[in-house]
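Residue numbers begin at 1 in each chain, while the letters A, B, ... track the order of the sequences.
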Number of protein chains: 2
Amino acid sequence: MKNKPYHHGELRKVLIETGLEFIHQYGEEKLSLRQIAEKCGVSNAAPYAHFKDKDDFINAVQQYMMDSFMDSLVTCTNECRNHSEILSELGVCYVMFFYRNPLYFDFLFSRKNIQIRLSSDNHNNPPFELFRKTAEQILGERGMSEKNIRHKTIAMWSLVHGLSAISAMPGIDVDWESEVRDIINSIDFSEPV
Amino acid sequence: MKNKPYHHGELRKVLIETGLEFIHQYGEEKLSLRQIAEKCGVSNAAPYAHFKDKDDFINAVQQYMMDSFMDSLVTCTNECRNHSEILSELGVCYVMFFYRNPLYFDFLFSRKNIQIRLSSDNHNNPPFELFRKTAEQILGERGMSEKNIRHKTIAMWSLVHGLSAISAMPGIDVDWESEVRDIINSIDFSEPV
DNA sequence: CTATCATCTTGACACTGATAAGATGAAGTA
DNA sequence: TACTTCATCTTATCAGTGTCAAGATGATAG
């Protein structure tokens, strides 16, 4: 039980977690590095020992959040027993994550943040990569052409991503999860046109 | 040719247009009201005669941008000659708007901005409303059930909205428009499952 | 010609991100 | 033990921001 030791010990980690909690409640645009530092009981300049600037800090928080998002997606695919439903289950998991954490959506996918994470061929987007791999496997087993697989994959991810955007908007309080499942299942992705 | 008259004349309009141009180039998060005022040749407090605060200004710019976005969508539906293709053409128009103006996407649809525009039943979203009306008309003509229409409509809008999110990401330089058309057409929205 | 009042300027305030200079103390070295 | 080193943290300071109060301007109406 330390009583304010001069060296915090795990300040970097605590700063990130405090920032994450703050964004969960108030959103990125309200975040001030000085306030986060104060909440952690350190001076305003302390964070600069661990982060180059505010963008660097925001980036670290985003990395942290992206990891937790990816964890829930991977867990979902591992737990899914019915192989044929894995794509739609992955989609529901994706959407519900942002239904539960609406303020995360803008933060994770805003152009300002994502341009750090996307390479020039836009294939360095972790959730999209997971989708792509899963979809290619499922659809490939059914003998779909490569071009068709690509289109279906992008379509499936776009649908899910767009549903997430809706889920992150204010004022949705119906039984959204079951409707999301119905919507995703209402589109047949498995057959070529 | 006025030489700096004390009263600008149409400052409000010029501020909005300057803000729009700035966001087009640099994005919302870089925007400073003082800089916009300086670009317009007025003092830092001048905007406060026309806007309550920065949020109010941002909101006005967003309204302006939303109107121009809606204009291009409505024009698209009016110009579409082939009735059966109207939905997919509307989708392509939607997506390509953000392909041409990537920084507009976050600005128009970020939770921070959109919560001003969405009522509690989330049916006050102009582009979604246009989609809904169009889809209900097209799909209704084919005798689809009401529930199915709702699901297909949300699915179609989600797909298009998600594709827009991709289009607004950096590093997409292939022949995106034709691929977007293929992707949208690869999904059959007209038949119930 | 005068009064009104929206519009604009000046000057100030608190807050922010950022940096420099110095204080602290943990960990290694003699 | 005593000394050195160096990442970590504090204090002080800077420029830039949103915002407001007080006052200057001048278009417009009476």
Could you state the atom-to-atom distance from [atom1] of [X] to [atom2] of [N] in whole Å?
X: A/Phe51; N: C/dT19; atom1: CZ; atom2: P; answer: 15 Å
X: A/Asn59; N: C/dG17; atom1: CG; atom2: P; answer: 16 Å
X: A/Lys30; N: C/dT16; atom1: NZ; atom2: P; answer: 12 Å
X: B/Lys13; N: C/dT7; atom1: NZ; atom2: P; answer: 16 Å
X: A/Glu29; N: C/dG17; atom1: CD; atom2: P; answer: 13 Å
X: B/Glu38; N: C/dC8; atom1: CD; atom2: P; answer: 16 Å

Next on the checklist: Treating B/Thr75 as the side-chain partner and B/Ser72 as the backbone partner, does any N or O pair qualify as donor plus acceptor under 3.5 Å?
Outcome noted: no
Next on the checklist: So that I can tick it off, tell me whether B/Lys39 and B/Glu21 are bridged by a salt bridge, with the cut-off set at under 4.0 angstrom between side-chain N and carboxylate O.
Outcome noted: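 Result for this pair is no, no salt bridge flagged.
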Next on the checklist: Restricting to side-chain contact (heavy atoms from CB on, under 4.5 Å), what partner residues turn up for B/Ser145, sequence neighbours left out?
Outcome noted: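 Partners of B/Ser145 by the side-chain contact (heavy atoms from CB on, under 4.5 Å) criterion, ordered by chain and then number, come out as B/Lys147, B/Asn148.
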Checklist entry - Who pairs with A/His151 by ring pair (Phe, Tyr, Trp, His ring centres under 6.0 Å), at least two apart in sequence or on another chain? => result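 Partners of A/His151 by the ring pair (Phe, Tyr, Trp, His ring centres under 6.0 Å) criterion come out as none, since no residue qualifies.
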Checklist entry - For the residue pair B/Phe131 and B/Tyr94, does the interplanar ring angle fall in the parallel (under 30°), tilted (30 to 60°) or perpendicular (over 60°) class? => result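 Perpendicular.
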Item to check | Pairwise distance CG(A/Asn59) to CE(A/Met66) - rounded to 0.5 angstrom | outcome: 10.5 Å
N/O-N/O pairs, protein side and nucleotides 15-19 of chain D side, under 3.5 Å:
| from | atom 1 | to | atom 2 | distance (Å) |
| --- | --- | --- | --- | --- |
| D/dT17 | OP1 | B/Ser32 | OG | 3.4 |
| D/dT17 | OP1 | B/Gln35 | NE2 | 2.8 |
| D/dG18 | OP1 | B/Leu33 | N | 3.0 |
| D/dG18 | OP1 | B/Lys54 | NZ | 3.1 |
| D/dG18 | OP2 | B/Leu33 | N | 3.1 |
| D/dG18 | OP2 | B/Arg34 | N | 3.2 |
| D/dG18 | N7 | B/Arg34 | NH1 | 2.5 |
| D/dG18 | O6 | B/Arg34 | NH1 | 2.9 |
| D/dT19 | OP2 | B/Tyr48 | OH | 2.8 |
| D/dT19 | OP2 | B/Lys54 | N | 2.7 |
| D/dT19 | O5' | B/Tyr48 | OH | 3.4 |
| D/dT19 | O4 | B/Arg34 | NH1 | 3.3 |

Next on the checklist: Does a side-chain N or O of A/His50 approach OP1 or OP2 of D/dC9 to a distance below 4.0 Å, or not?
Outcome noted: yes
